[in-house]
Amino acid sequence: MGEDSELWDIICGGPHVPMKKLEEIGPLVPKGRREYNDIDRKAVEKNYRAEKILMCSIGPDEYNRVSACDTAKEIWEALQTAHEGTTQVKQSKIDMLTTEYELFRIKDDEFIQDMHTRFTSIIKELHSLGDVILRNKLVRKILSVLPGYWESKVNAIT
C-alpha cells in the first residue's frame, strides 16, 4: 500500500528530482545522473514506474494523446483534460447536469426502472465530476417525482 501511495503522489504532484547545492548558501540544482545515490535511484525508478503504469493502462488513442508527455503528472493531466475537459468545461458539465437533476421528472408512460436508470446516470456523471449529492437528498428527489398513484407508498416511506 505504501508504494501505491507514493506512486499516486508522483502522478499527482510530479516526479522526484534529486537536488544538490552548488555552494553552502547557494540554490538547489538538479543532480546529474552520475551523482545519484541509491535513494535517488529508487526515487527516480518510482517516477518511471508511475509513467509505465499509466502508459500500460491506456489504449492506442490515449497513447497518441500522451506520447509526448515527459512525466506521469503530465500524462495524468492530459488524460484528465481529454476525458473531463478543462476546469471551465468540467464546471459547465456540472452546471448542466445539476440543472438536469433539478428539473428531473418521470416521463409519461415511463416505467419506474427506466426512470431510475436515467436518474442514476445523471447522479453517477455528477459524482464522476466531483459533485456528490447526499443520499437522503437523492431519495427525497426520487420520491417527489413519482406519479400520484405512488402517493400512499411515498407517504409510508416519509
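From a predicted model like this one, the values you see are computed outputs, not experimental measurements.
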With distance as the sole test, does [X] use its side chain to make a donor-acceptor pair with the main-chain N or O of [Y] at under 3.5 Å?
X: R49; Y: E45; result: no
X: R41; Y: Y36; result: yes
X: E110; Y: I106; result: no
X: R118; Y: R105; result: yes
X: S57; Y: L54; result: yes
X: K93; Y: Q88; result: no

Please report the C-alpha distance between M55 and V66 in whole Å, then the side-chain angles of each, then the deciding distance to 0.1 Å, and finally whether the side-chain contact (heavy atoms from CB on, under 4.5 Å) criterion is met. CA-CA 8 Å; M55 293 301 245; V66 299; 3.7 Å; yes

For the residue pair [X] and [Y], establish whether any side-chain heavy-atom pair is separated by less than 4.5 Å.
X: L22; Y: P27; answer: no
X: I123; Y: I133; answer: yes
X: R65; Y: L79; answer: no
X: L129; Y: D131; answer: no
X: P60; Y: E62; answer: no
X: K20; Y: E35; answer: yes

Nearest 0.5 Å, please: how far is [atom2] in [Y] from [atom1] in [X]?
X: I94; Y: E125; atom1: CD1; atom2: CD; result: 10.5 Å
X: I75; Y: D70; atom1: CD1; atom2: CG; result: 9.0 Å
X: R135; Y: L138; atom1: CZ; atom2: CG; result: 7.5 Å
X: K137; Y: S144; atom1: NZ; atom2: OG; result: 11.5 Å
X: E77; Y: C12; atom1: CD; atom2: SG; result: 9.0 Å
X: I11; Y: K73; atom1: CD1; atom2: NZ; result: 12.0 Å

With sequence neighbours left out, the residues meeting ring pair (Phe, Tyr, Trp, His ring centres under 6.0 Å) with F104 are F119

Verify the cluster assignment for V89 and L126: are they in a single hydrophobic cluster under the rule of side-chain heavy atoms below 4.5 Å apart? no

With side-chain contact (heavy atoms from CB on, under 4.5 Å) as the test, would you mind laying out the steps for L146 and I112 before giving the verdict? CA-CA 8 Å; L146 289 173; I112 295 296; 3.6 Å; yes

Does a donor on one side chain and an acceptor on the other come within less than 3.5 Å for E51 and N47?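 No pair is found: no donor N or O on one side chain lies under 3.5 Å from an acceptor on the other.
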
If you look at every heavy atom in I10 and A50, which pair is closest and at what distance? CG2-CB, 4.0 Å

Test side-chain contact (heavy atoms from CB on, under 4.5 Å) on I53 and L7; report intermediate values, then the result. CA-CA 9 Å; I53 288 170; L7 292 177; 3.7 Å; yes

Checking side-chain contact (heavy atoms from CB on, under 4.5 Å) for the pair M96/T99: CA distance, chi angles, key distance, verdict? CA-CA 5 Å; M96 181 188 70; T99 301; 5.9 Å; no

With sequence neighbours excluded, give me every ring pair (Phe, Tyr, Trp, His ring centres under 6.0 Å) pair touching residues 40-67. none

